[in-house]
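Working notes for the structure below.
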Amino acid sequence: MKVLAIGTSRNIGYFAALSLLRAANTVTFQLRNVSAFDEDVEIQPFVKSGQTKLVKGDALVQEDVRTAWTEANADGVPVDVVLLSVGGTPKFTLSKGFVINPPNLCTSSLVNLLSVIPHDPPIQPKIVAVTSNGVTADSHESIPFLAKGFYALISVPHADKLGMEKGWQEQLGGKAGWLKSIVVVRPAILTDGEEAAKYKAGEDIPGLWNVSRKTVAHFISNDVLNNWSKWEGKAVSVGC
């Protein structure tokens with residue numbers, strides 16, 4: 001597969017992209033700072049071999065996203081997968097709980113991506129967008145009662161994640177429009193633990209507490225992309 005990875009310099013996107021590289025896929029990273037991987041002993045062998053390409057750009061700038069898309073397709077082989085795992089570093093405030101800057105980071109990134117992808121490419125890319133469990137009313141009902149206090153503290157970032165989901169459902173017509181090949185991945189509360197041997201994945205699964213970033217990355221690279229027909233068009237909660 002040929003993959004365009006946006007917002008993947010660390011965390012879920014990074015681990016998923018690394019797994020895809022190890023499986024002999026090619027990955028083009030869009031990075032605000034192309035030196036981010038200079039000392040990365042995991043990524044550097046793939047950079048030197050040409051299996052991965054680093055493109056400078058910001059997901060919030062539409063022309064930068066267009067450049068990344070163009071570079072990823074420059075050899076004439078269409079992009080098969082776009083992995084969008086954009087996220088900011090939350091800061092805590094007494095008035096609003098955790099906030100990110102800008103507050104529409106994820107929403108704008110997805111809108112920019114969907115604005116530059118041609119509506120009739122030779123192969124419509126599969127899009128994997130990482131949001132969060134509990135962003136919609138239905139998925140919020142499924143989270144454990146004792147966890148809802150924490151979710152109240154992240155309502156501002158969650159509003160952005162919800163906007164990201166609506167970006168494909170409403171702004172471009174969702175399943176009824178030109179864009180059909182997308183999977184939304186909704187992790188439970190994220191941790192930095194190791195990849196879990198067992199975890200749950202499905203639509204609005206009740207009782208999910210947390211999940212490691214490496215586990216979500218494994219789900220994306222080993223399950224979602226290998227079983228696309230099973231997950232296509234769904235918003236999938238992942239957790240333990």
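Just so you know, these numbers come straight off a predicted model, no measurement behind them.
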inquiry  = I need the minimum non-hydrogen distance between V34 and V55, along with the two atoms involved.
reply    = CG1-C, 3.9 Å
ask   = Side-chain contact, heavy-atom cut-off 4.5 Å: V81 with P125?
value = no
Side-chain donor-acceptor contacts of residues 215-223 below 3.5 Å, not counting sequence neighbours, with atom names and distances?
| residue | atom | partner | partner atom | Å |
| --- | --- | --- | --- | --- |
| T215 | OG1 | A196 | N | 2.8 |
| T215 | OG1 | S212 | OG | 2.6 |
| H218 | ND1 | Y199 | OH | 3.4 |
| S221 | OG | S19 | OG | 3.1 |
| S221 | OG | A217 | O | 3.0 |
| N222 | ND2 | H218 | O | 3.3 |
| D223 | OD1 | N227 | ND2 | 3.0 |
| D223 | OD1 | W231 | NE1 | 2.9 |

Any residue meeting side-chain hydrogen bond (donor to acceptor under 3.5 Å, both in side chains) with T52, in chain and number order, not counting sequence neighbours = none
inquiry  = Tell me every residue that passes side chain to side chain contact (heavy atoms under 4.5 Å, CB included) with P45, counting only those two or more places apart in sequence or in another chain.
reply    = none
ask   = In chain order, what residues pass the side-chain hydrogen bond (donor to acceptor under 3.5 Å, both in side chains) check against E195, with sequence neighbours excluded?
value = none
inquiry  = Any non-hydrogen side-chain atom of T191 less than 4.5 Å from a side-chain atom of V211?
reply    = no
message = I'd like to know whether NZ of K53 has more than 12 heavy-atom contacts from other residues, nucleotides or ligands below 6.0 angstrom.
response = yes
remark   = In terms of heavy-atom contacts, A59 and I6 come closest through CB-CG2, 3.7 Å
query = Would W228 end up clustered with V185 when hydrophobic side chains under 4.5 Å apart are linked, directly or stepwise?
reply = yes
Where at least one partner belongs to residues 206-219, residue pairs that pass salt bridge (charged side-chain N to carboxylate O under 4.0 Å, His left out), sequence neighbours excluded = D192-R213, E194-K214
ask   = Rounded to the nearest 0.5 Å, how far does CD1 of I182 lie from CD of E232?
value = 10.0 Å
key: salt bridge (charged side-chain N to carboxylate O under 4.0 Å, His left out) pairs, two or more places apart, involving residues 23-41   = none
ask   = Among side-chain atoms of S237 and N133, is any donor-acceptor pair under 3.5 angstrom?
value = yes
request  = Could you check L190 against I12 for side-chain contact (heavy atoms from CB on, under 4.5 Å), going step by step and ending with a plain yes or no?
outcome  = CA-CA 10 Å; L190 290 166; I12 294 170; 3.8 Å; yes
Shortest non-hydrogen contact from A201 toward I205 = C-CD1, 3.2 Å
key: Heavy-atom check, side chain of I127 versus side chain of V183, under 4.5 Å   = no
key: Working for side-chain contact (heavy atoms from CB on, under 4.5 Å), residues R186 and S132   = CA-CA 4 Å; R186 294 172 172 170; S132 180; 5.8 Å; no
message = Which residues pass the side-chain hydrogen bond (donor to acceptor under 3.5 Å, both in side chains) test with E42, not counting sequence neighbours?
response = R22
query = With sequence neighbours excluded, what pairs up with S108 under the side-chain hydrogen bond (donor to acceptor under 3.5 Å, both in side chains) test?
reply = N104
message = To check you understand the geometry: which heavy-atom pair defines the closest contact between L4 and A72, and what is its length?
response = CD1-CB, 4.2 Å
request  = For side-chain contact (heavy atoms from CB on, under 4.5 Å), just list the numbers for V128 and L225, CA-CA rounded to whole Å, side-chain angles, deciding distance to a tenth of an Å, and then say yes or no.
outcome  = CA-CA 9 Å; V128 179; L225 294 178; 4.0 Å; yes
note = Hits for salt bridge (charged side-chain N to carboxylate O under 4.0 Å, His left out) against E203, two or more places apart or cross-chain, chain-then-number order -> none
inquiry  = I'd like to check L208 versus K200 (side-chain heavy atoms, cut-off strictly below 4.5 Å). Are they in contact?
reply    = yes
side-chain contact (heavy atoms from CB on, under 4.5 Å) between F46 and F37, worked out = CA-CA 11 Å; F46 299 110; F37 295 152; over 6 Å; no
Please table the atom pairs, donor to acceptor, closer than 3.5 Å between any side-chain atom in residues 23-30 and protein atoms at least two apart or in another chain.
| residue | atom | partner | partner atom | Å |
| --- | --- | --- | --- | --- |
| N25 | OD1 | M1 | N | 2.7 |
| N25 | ND2 | L20 | O | 2.9 |
| Q30 | NE2 | D64 | O | 3.1 |

inquiry  = Donor-acceptor pair, distance only, cut-off 3.5 Å: does the side chain of K234 make one with the backbone of K230?
reply    = yes
ask   = Do L114 and V65 share a hydrophobic cluster (ILVMFWY, side-chain heavy atoms under 4.5 Å, transitive)?
value = yes
note = Contacts satisfying side-chain hydrogen bond (donor to acceptor under 3.5 Å, both in side chains) that involve residues 72-83 (not counting sequence neighbours) are K2-D75
request  = Identify, with sequence neighbours excluded, every residue that meets side chain to side chain contact (heavy atoms under 4.5 Å, CB included) alongside Q62.
outcome  = R66, N112, S115, V116
query = Does some side-chain heavy atom of V82 sit less than 4.5 Å from a side-chain heavy atom of L113?
reply = yes
task = For the pair Q51 (side chain) and L21 (backbone), establish whether a donor and an acceptor sit closer than 3.5 Å, ignoring hydrogens and angles.
result = yes
inquiry  = Measuring from atom OG1 of T107 to atom NZ of K161, what distance do you get when rounded to the nearest 0.5 angstrom?
reply    = 9.0 Å
request  = State, to 0.1 Å, how close L83 and G13 come at their nearest heavy-atom pair, and which atoms those are.
outcome  = CD2-O, 3.9 Å
